[in-house]
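Fair warning: this is a prediction, and the values are worked out from it, not measured in the lab.
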Amino acid sequence: MSIEWRDLMERHMQSIKGALEVLCSEAYRPLWQYAGMQFWKQKEQLINMWIIIKGKQDISS
């Protein structure tokens, strides 16, 4: 790998690390909690739909 390429990759990784540190900071915690709640609601709905579909398949077979 050339020196320039390695330097570019190093800077790229630093910027990703910086962005992750910002996103994981205390200021963004409410956003992650909200996203997590939305995810669990969706998951519950998907599980309920799967149970209904599975039940219908069991009845028809």
Side-chain angles (χ1 to χ4, degrees):
M1 244 197 293
S2 70
I3 308 266
E4 298 90 31
W5 180 250
R6 192 174 294 148
D7 188 47
L8 186 68
M9 289 302 292
E10 184 65 33
R11 277 187 289 172
H12 187 62
M13 294 306 289
Q14 286 298 323
S15 64
I16 291 173
K17 185 174 176 239
L20 283 174
E21 284 171 357
V22 169
L23 283 173
C24 294
S25 71
E26 205 61 36
Y28 281 88
R29 180 176 283 198
L31 175 71
W32 291 115
Q33 288 174 336
Y34 176 75
M37 285 190 315
Q38 294 305 321
F39 171 78
W40 286 111
K41 285 179 187 171
Q42 288 291 320
K43 188 176 173 205
E44 277 181 29
Q45 288 175 340
L46 287 172
I47 290 172
N48 290 339
M49 282 172 49
W50 185 81
I51 290 170
I52 291 167
I53 291 168
K54 189 81 179 124
K56 288 180 179 172
Q57 285 176 345
D58 290 344
I59 292 168
S60 63
S61 60

Inset, instruction - Would you give the length of the straight line joining atom CG of Leu46 to atom CZ of Phe39, rounded to the nearest 0.5 angstrom? - result: 9.0 Å
Legend entry - Value rounded to 0.5 Å, distance of NZ in Lys54 from CD1 in Ile51: 11.5 Å
Inset, instruction - Count the heavy atoms of every other residue, nucleotide or ligand shown that sit under 6.0 Å from CE of Met13, and state whether that count exceeds 12. - result: no
Legend entry - Summary of salt bridge (charged side-chain N to carboxylate O under 4.0 Å, His left out) pairs that have at least one residue in residues 38-53, sequence neighbours excluded: none
Inset, instruction - Starting at CD1 of Ile3, measure out to CG of Leu8 and round the result to the nearest 0.5 Å. - result: 13.5 Å
Legend entry - Name of the residue among Arg11, Glu10, His12 meeting side-chain contact (heavy atoms from CB on, under 4.5 Å) with Gln14: Glu10
Please output the side-chain donor-acceptor pairs of residues 17-31 that fall under 3.5 Å, not counting sequence neighbours, one pair per line with the distance.
| from | atom 1 | to | atom 2 | distance (Å) |
| --- | --- | --- | --- | --- |
| Ser25 | OG | Val22 | O | 2.7 |
| Glu26 | OE2 | Arg29 | NE | 3.4 |

Inset, instruction - State plainly whether one hydrophobic cluster holds both Trp50 and Ile53, where clusters connect Ile, Leu, Val, Met, Phe, Trp and Tyr through side-chain heavy atoms under 4.5 angstrom apart. - result: no
Inset, instruction - Please name all residues satisfying side chain to side chain donor-acceptor pair (under 3.5 Å) with Gln38, sequence neighbours left out, ordered by chain then number. - result: Tyr34
